[in-house]
Undergrad: 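First the structure, then my questions, so here it is.
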Amino acid sequence: MPGALTMAVPDLSVSFAGLKLKTPVLLASGTCGYGEELGAHFDLARLGGIVVKSLTRELRAGNAPQRIAETAGGMLNAIGLQNVGVEAFMRDHLPRLAALDLPILCNVAGATMEEYETVCRMLGDARGVAGIELNVSCPNVSCGGMEFGVDPALTEEVTGRARRAYKGPLLVKLSPNVTDIAAIAKAAERGGADGLSLINTVLGMAIDAERRKPVLSNGFGGLSGPAIKPVALRCIWQVAAAVNLPILGMGGIRTGEDAVEFLLAGATAVAVGTANFLDPQAALTVTAGLGDWLAGHGVGAVRDLVGGARA
Ligand SMILES: Cc1cc2nc3c(=O)[nH]c(=O)nc-3n(C[C@H](O)[C@H](O)[C@H](O)COP(=O)(O)O)c2cc1C
């Protein structure tokens, strides 16, 4: 209608580590499997991207039950990198994911440097892998994972090896369980990362008072959900000030306003994890809420929020 007040639809697209994303909202690794279950609830192509469950060279059964515990404001998990192994993933899951109109990022874990390198090389030869996220921050395995991500020299080495094995967009996923996360972020940058994901879960535990035992079979587990959001925001703030790499932010995101806070702290894109277990459409809720927030605040493009908070 001529003269009618029209409100422009905000532009949600972002460029992230060499990837073009329709929206800045992705699914976090380990909380969406290989996409099958959530794909039954909505069209996955409405997402900015999917980060699949950590992949290792061989199939892993993970830790024995009990592997999950609910906490105030979050959950603890000690799944232990259960996955089908990279070959079965490429054969049985990747073709279906690759047919979707969105970037598929593969999270890679390993017990040794060689394992990271091999899995990255194998994924680099596969069709349909948009990028790799290196999990150097899993707190729930006895060997590998977080061992690499809490030491700058090892972080640089594992990133460098993955860099040489894989030519596409390479993210390194950082652990909050360190004294100086900026030092680890700088090490990943030196190793050749194109972007950083943070945060992985916060090391925690639960005690069963009646049995006088830890609840999780592994003893410790990774805390996630709204309880860790302030930790995630602090880590993103510190890392954004320390490196010149784009950040995929995660940790307790449930609403559009949560996502806005992560972007203002310095993230270029965000991932939704634990919230998927409460509501399989949580990522769509976050995306819609983000669009409403931008429209309500007269911001035309989501990229204009990135790093917009000032001390
Ligand atoms: C059950 C569960 C399994 C997870 N598995 C992985 C994994 O395999 N690899 C990984 O890098 N992160 C894994 N994560 C960590 C999430 O990707 C995310 O970094 C973390 O949970 C913080 O986000 P959230 O609070 O939104 O869940 C897992 C988290 C949960 C809750």
Undergrad: Does CD in E37 sit with more than 12 non-hydrogen atoms of other residues, nucleotides or ligands closer than 6.0 Å?
TA: yes

Undergrad: How long is the span from the CG atom in L59 to the CG atom in N83, to the nearest 0.5 Å?
TA: 7.0 Å

Undergrad: Could I get the full list of side chain to side chain donor-acceptor pair (under 3.5 Å) partners for T287, not counting sequence neighbours?
TA: none

Undergrad: Out of curiosity, R234 CZ to L198 CG, how far, rounded to the nearest 0.5 Å?
TA: 10.0 Å

Undergrad: State plainly whether one hydrophobic cluster holds both L233 and V202, where clusters connect Ile, Leu, Val, Met, Phe, Trp and Tyr through side-chain heavy atoms under 4.5 angstrom apart.
TA: yes

Undergrad: Which atom names give the shortest non-hydrogen contact between S54 and N107, and what distance separates them?
TA: OG-OD1, 2.5 Å

Undergrad: Of the non-hydrogen atoms in L174 and S137, which two are nearest, and what is the gap between them?
TA: C-CB, 3.6 Å

Undergrad: Would you call D101 and K22 a salt bridge, using N to O less than 4.0 angstrom?
TA: yes

Undergrad: For residues V260 and M250: do they belong to one hydrophobic cluster (side chain heavy atoms under 4.5 Å, members Ile, Leu, Val, Met, Phe, Trp, Tyr)?
TA: yes

Undergrad: Is the shortest side-chain N to carboxylate O distance from E36 to R96 below 4.0 Å?
TA: yes

Undergrad: Using the test salt bridge (charged side-chain N to carboxylate O under 4.0 Å, His left out), find all partners of E114 that sit at least two apart in sequence or belong to another chain.
TA: R161

Undergrad: For residues L171 and A17, report the shortest heavy-atom separation together with the two atoms involved.
TA: CD2-CB, 3.9 Å

Undergrad: What pair of heavy atoms forms the shortest contact from E58 to E115, and how long is it?
TA: N-OE2, 4.5 Å

Undergrad: Write down the atom of G74, the atom of A227, and the distance for their closest heavy-atom approach.
TA: N-CB, 4.5 Å

Undergrad: My understanding is that only residues two or more places apart in sequence, or in another chain, count here; which of them pass side chain to side chain donor-acceptor pair (under 3.5 Å) with R57?
TA: E87

Undergrad: Yes or no on side chain to side chain contact (heavy atoms under 4.5 Å, CB included) for I68 and L76, after CA distance, side-chain angles and deciding distance?
TA: CA-CA 6 Å; I68 297 270; L76 281 165; over 6 Å; no

Undergrad: Looking at H41, is its backbone amide N or carbonyl O close enough to the side chain of Q281 to form a donor-acceptor pair, meaning the two atoms are under 3.5 Å apart?
TA: yes

Undergrad: With rounding to the nearest 0.5 angstrom, report the OG1 to CD distance, T112 to E147.
TA: 11.0 Å

Undergrad: Nearest 0.5 angstrom please: K53 NZ to L27 CG, how far?
TA: 14.0 Å

Undergrad: Can you measure from CG (L134) to OH (Y116) and round to the nearest 0.5 angstrom?
TA: 7.0 Å

Undergrad: Are any side-chain N or O atoms of H93 and backbone N or O atoms of F89, one a donor and one an acceptor, separated by less than 3.5 Å?
TA: no

Undergrad: Using 0.5 Å steps for rounding, measure from the CG atom of L47 to the SG atom of C32.
TA: 8.5 Å

Undergrad: Examine the side chains of S224 and T274 and answer whether a donor and an acceptor come within less than 3.5 Å of each other.
TA: yes

Undergrad: Is there a continuous path of hydrophobic side-chain contacts, each under 4.5 Å between heavy atoms, that joins L263 to W237?
TA: no

Undergrad: Between V272 and F42, is there shared hydrophobic-cluster membership here, with clusters defined by ILVMFWY side-chain heavy atoms closer than 4.5 Å?
TA: yes

Undergrad: Quick one: list whatever passes side chain to side chain donor-acceptor pair (under 3.5 Å) with S13, sequence neighbours left out.
TA: D11

Undergrad: Taking all non-hydrogen atoms of both residues, which atom of L26 and which atom of A269 are closest, and how far apart?
TA: CD1-CB, 4.1 Å

Undergrad: Not counting sequence neighbours, which residues clear side chain to side chain donor-acceptor pair (under 3.5 Å) with K186? List them please.
TA: none

Undergrad: Can you tell me if N276 uses its side chain to pair, donor with acceptor, with the backbone of G273 under 3.5 Å?
TA: yes

Undergrad: Sequence neighbours excluded, which residues qualify as salt bridge (charged side-chain N to carboxylate O under 4.0 Å, His left out) partners of R211?
TA: D208

